[in-house]
Amino acid sequence: MNKPLPPASTSELMTRVNDIAGLTLGEIAASYAFNTPENLLREKGWIGQLIEYVLGATAASKPEPDFEHLGIELKTLPISYSGKPLETTYVSITPLTNLHGVTWQNSVVKKKLSHVLWLPILSERDLAPTDRIIGNGFLWQPSTLQEAQLKKDWEELTEMIALGNIEQINGHFGQVLQLRPKAANSKALTQAIGPNGKEIMTLPRGYYLKTEFTRQILAEQFGAG
DNA sequence: CCGTGATCATTT
DNA sequence: AAATGATCACGG
């Protein structure tokens, strides 16, 4: 099977999304000769990469929306049998230096989350990757309230980073957006601002959406209860 | 090392 | 069980 081309329009993209709903990852992987691992221990991003391929995403490994010409970011969302998110959702790497002039409006987080294609995947751990089931994908843009929540957390976290307090931040900061390590391992280091503006080296961090936030997005789309 | 794709594993 | 911290693969 040839590599899928980028969808020409949003409606074509959503047609493809609807076409794969209900299929297992094993079924679509077989269609595209995509290797399927026994587990995700060593290929944690496999599901996202498979879906990107099948839908014709273009911006792999680039800090751009997955569908550049459509301005849409693709996020797979692992869900439980009861339809709740199983994991937080990675958004982007966290800038730790050169924060002068950075605002919510021009932030990478706002840019990334401005238009998202959520694709729930029934992904309980007792299901092998090949047996996991693709759900109903949908387009989403943050509501006024959601954006206000994101903005508040982002501004608080960014201020702490800019004031040299990165080492005080842990995963419990933020109502909907949190900061957590995002690195190869705990020995990876990157430059950051320390106390008194002194340069320090610290673990690279990423922005993540908490599960309660994505649970609400699913509830709005599919109905609570 | 950075940034993409995330989930695993341990702690609470 | 849920939340936080640690980790895996890959292209550049």
Side-chain angles (χ1 to χ4, degrees), chain A residues 3 6 25 28-29 32 34-68 72-98 107-109 111-113 116-132 134 137 153 157 166-192 199-216:
Chain A
K3 177 179 171 61
L25 298 183
I28 60 167
Y32 295 95
F34 218 92
N35 178 59
T36 305
E38 294 295 313
N39 58 61
L40 302 183
L41 287 174
R42 305 192 70 84
E43 295 179 62
K44 297 177 182 177
W46 178 78
I47 295 177
Q49 288 160 356
L50 169 66
I51 300 295
E52 277 190 347
Y53 183 92
V54 169
L55 295 180
T58 53
S61 281
K62 288 193 290 183
E64 301 294 331
D66 295 289
F67 301 97
E68 295 174 83
I72 293 173
E73 173 76 13
L74 170 67
K75 289 287 176 201
T76 61
L77 185 60
I79 59 171
S80 67
Y81 292 122
S82 59
K84 293 191 294 187
L86 288 165
E87 293 287 350
T88 55
T89 300
Y90 171 68
V91 178
S92 74
I93 203 73
T94 309
L96 300 179
T97 59
N98 302 115
S107 69
V108 290
V109 173
K111 198 167 302 178
K112 286 267 183 178
L113 297 181
V116 177
L117 168 55
W118 292 104
L119 187 53
I121 310 284
L122 178 58
S123 221
E124 289 274 10
R125 286 205 198 180
D126 63 3
L127 286 175
T130 190
D131 294 326
R132 297 188 183 182
I134 300 166
D153 286 349
L157 292 165
I166 177 73
E167 302 286 29
Q168 295 177 23
I169 300 174
N170 60 32
H172 96 259
F173 283 79
Q175 299 300 303
V176 299
L177 190 67
Q178 65 179 177
L179 217 59
R180 302 222 307 281
K182 172 62 168 154
N185 55 58
S186 61
K187 295 178 178 62
L189 293 175
T190 193
Q191 188 179 321
E199 180 181 305
I200 62 170
M201 298 302 285
T202 191
L203 200 53
R205 316 300 165 91
Y207 285 111
Y208 294 80
L209 297 176
K210 292 192 170 187
T211 54
E212 175 59 20
F213 188 74
T214 47
R215 188 197 65 72
Q216 286 182 25

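Order of the sequence lines sets the chain letters (A, B, ...), proteins ahead of strands, with each chain counted from 1.
- When the nucleotides B/dT4, B/dG5, B/dA6 are ranked by their closest atom to the side chain of A/Thr76, B/dA6 comes out on top.
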When you compare the protein's N or O atoms with those of nucleotides 10-12 of chain B, which come within less than 3.5 Å of each other, and at what distance?
none

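- Residue A/Thr211 is classed as a sugar-phosphate contact, given heavy-atom separations below 4.0 Å to backbone atoms only.
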Atom pairs and distances, side-chain donor-acceptor, residues 184-191 of chain A, under 3.5 Å, sequence neighbours left out:
from     : atom 1 : to       : atom 2 : distance (Å)
A/Asn185 : OD1    : A/Lys187 : N      : 2.8
A/Asn185 : OD1    : A/Ala188 : N      : 3.3
A/Gln191 : NE2    : A/Glu199 : OE1    : 3.2

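- Note on the helix from B/dC1-C/dG12 to B/dT12-C/dA1: terminal axis deviation equals 30°, with five pairs used at each end and the result rounded to 10°.
- Contacts of residues 176-186 of chain A with DNA chain B (heavy atom under 4.0 Å): A/Arg180, A/Lys182.
- Listed by chain and residue number, nothing satisfies the salt bridge (charged side-chain N to carboxylate O under 4.0 Å, His left out) test with A/Arg125 (two or more places apart in sequence, or in another chain).
- The outermost nucleotides of DNA chain C lying under 4.0 Å from heavy atoms of chain A, listed 5' to 3', are C/dA3 to C/dA9.
- A/Phe213 pairs by the ring-ring contact (aromatic ring centres under 6.0 Å, His included) definition with nothing, not counting sequence neighbours.
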Identify each donor-acceptor pair in which a side-chain atom of residues 34-48 of chain A lies under 3.5 Å from a protein atom, sequence neighbours left out, and give them as a table.
from    : atom 1 : to      : atom 2 : distance (Å)
A/Asn39 : OD1    : A/Leu41 : N      : 2.9
A/Trp46 : NE1    : A/Asn35 : O      : 2.9

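- Between A/Tyr208 and A/Ala188, the residue anchored nearer the 5' end of DNA chain B, judged by the nucleotide with its closest heavy atom, is A/Ala188.
- A salt bridge is absent between A/Glu73 and A/Lys62; no separation between the charged side-chain nitrogens and carboxylate oxygens falls under 4.0 Å.
- Taking CG of A/Leu209 as the start and CZ of A/Arg215 as the end, the distance is 14.0 Å to the nearest 0.5 Å.
- Contact annotation: the side chain of A/Ile93 approaches that of A/Tyr90 to within less than 4.5 Å [non-hydrogen atoms, C-beta and beyond].
- Taking a 6.0 Å sphere around CD of A/Glu167, one finds it holds more than 12 heavy atoms contributed by other residues, nucleotides or ligands.
- Contacts of A/Lys187 with the nucleic acid, taken as non-hydrogen atoms under 4.0 Å apart, are absent.
- Heavy atoms of A/Glu73 sit under 4.0 angstrom from primed sugar atoms or phosphate atoms, though from no base atom.
- Going from atom CD of A/Glu52 over to atom CG of A/Asp66 covers 4.5 Å, rounded to the nearest 0.5 Å.
- Taken from CD in A/Gln49 to OG1 in A/Thr76, the straight-line distance is 10.0 Å, to the nearest 0.5 Å.
- Residue-level contact check: A/Ser123 touches neither bases nor backbone, having no heavy atom under 4.0 Å from any strand.
- Take A/Glu87 and apply the salt bridge (charged side-chain N to carboxylate O under 4.0 Å, His left out) test, not counting sequence neighbours, and it matches no residue.
- Between A/Ile134 and A/Ile51 there is a side-chain heavy-atom pair separated by less than 4.5 Å.
- Listed by chain and number, the residues in a side-chain contact (heavy atoms from CB on, under 4.5 Å) with A/Ile169 are A/Leu157, A/Met160, A/Ile161, A/Ile166, A/Phe173, A/Leu179 (sequence neighbours excluded).
- Toward the 5' end of DNA chain C, the nearer of the two residues A/Phe173 and A/Gln49, judged by each one's closest nucleotide, is A/Phe173.
- Of the residues A/Leu77, A/Ile79, A/Leu25, the one that meets the side-chain contact (heavy atoms from CB on, under 4.5 Å) test with A/Ile121 is A/Leu25.
- Atom-to-atom, OH of A/Tyr90 to C1' of B/dA6 comes out at 9 Å; the value is rounded to the nearest Å.
- By the salt bridge (charged side-chain N to carboxylate O under 4.0 Å, His left out) test, A/Lys182 is found to be paired with no residue, residues two or more places apart in sequence or in another chain being considered.
- Taking CG of A/Leu86 as the start and CG of A/Leu122 as the end, the distance is 8.5 Å to the nearest 0.5 Å.
- Among the heavy atoms of the strands, none lies under 4.0 Å from A/Leu86.
- For the segment residues 40-48 of chain A, residues with any heavy atom less than 4.0 angstrom from an atom of DNA chain C are, sorted by number, A/Leu41, A/Arg42, A/Lys44.
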